Amino acid sequence: LLTPLLVGENFLFPFISLKVFYFRFIIELALFIYLLLLIFCRWYRPRFHKLTIAILVFGLIVLLTSLTGVNPYRSFWSTIERGEGSLTISHLIIYCFLLSQTLRSRRQWLSYFSASVFISVLVGLYALAQEHIQISWIVSAATGRLSSTLGNPAYLGAYALGHLWLSLLLFFEYKKIPAKIITGLVIIFELYVLWQTETRGAILSLA
């Protein structure tokens, strides 16, 4: 969940490279730990649902098409400015699989969503700091629109939109008034960040 916050100023692509390297490493480490859990704790042995199976099949299709495409090298590794390719997609699928196997209760999922929303607020605050505060450790994307640690207004718009809906979900899930007030303020904040990115696709998606 910390991945969106990472910015590597010393990399050629500061808003992408560090995120990609960190995410791949942490997923591989998590997979190793999960395999250890399989040995010592029967509770964590895989449980396959229709959605899990569908995602794994999708990953297999992506891998096969990347290896048989026009440029298998680029399809698998992607480029340094994107860091995607079937390699990163496979890590995303492993991440999804690990979440489905380790978060078993509604409360655990809500805690996970809450943590993700908290990170999104930090990402939004960083975006505002880029525009209004001159601090040495804040890296500017120089786009003229809010882009934050993602380096691209379109990415931030989609990110804010997703967390706006997660915040709305938490608003209805929380029963205590203080929690509802906080999530309500977060919804307004996410909406403001989304609007300030001026990303028409994300705004139309909200509508």
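All values reported here derive from a predicted model rather than from experimental measurement. Hydrogens, waters and symmetry mates play no part in the numbers below; they use all other heavy atoms, side chains included.
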Participant: Between the main-chain N or O of Phe48 and the side-chain N or O of Thr52, is there a donor-acceptor pair closer than 3.5 Å?
Facilitator: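 No, Thr52 side chain to Phe48 backbone: no donor-acceptor pair under 3.5 Å.
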
Participant: Are more than 12 heavy atoms from other residues, nucleotides or ligands located less than 6.0 Å from atom CZ of Arg47?
Facilitator: yes

Participant: On the six-membered ring of Trp77, is Arg82 placed so that its NZ or CZ lies under 6.0 angstrom from the centre and within 45° of the ring axis?
Facilitator: no

Participant: Could you check whether the rings of Tyr159 and His163 sit parallel, tilted or perpendicular, using 30° and 60° as the cut-offs?
Facilitator: tilted

Participant: Which label fits Phe11 and Phe21: parallel for a plane angle under 30°, tilted from 30 to 60°, or perpendicular past 60°?
Facilitator: tilted

Participant: Ser75 and Ser66: side-chain donor and acceptor closer than 3.5 Å?
Facilitator: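 No, no side-chain donor-acceptor contact under 3.5 Å.
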
Participant: To the nearest 0.5 Å, how far apart are CD1 in Ile16 and OG in Ser78?
Facilitator: 9.0 Å

Participant: Atom CG of Leu168 and atom CG of Leu191: how far apart are they, to the nearest 0.5 Å?
Facilitator: 11.0 Å

Participant: Parallel, tilted or perpendicular: which one describes the rings of His91 and Phe23, with boundaries at 30° and 60°?
Facilitator: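 Tilted, since the angle between the ring planes falls between 30° and 60°.
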
Participant: Looking at Gln196, I'd like to know if its CD atom is crowded, meaning that more than 12 non-hydrogen atoms belonging to other residues, nucleotides or ligands lie closer than 6.0 Å.
Facilitator: yes

Participant: Would you say that more than 12 heavy atoms from the other residues, nucleotides or ligands in this model lie under 6.0 Å from the CD1 of Ile80, or not?
Facilitator: no

Participant: Would you say that more than 12 heavy atoms from the other residues, nucleotides or ligands in this model lie under 6.0 Å from the CH2 of Trp109, or not?
Facilitator: yes

Participant: Is the number of heavy atoms from other residues, nucleotides or ligands under 6.0 Å of Phe58 CZ greater than 12?
Facilitator: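 No.
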
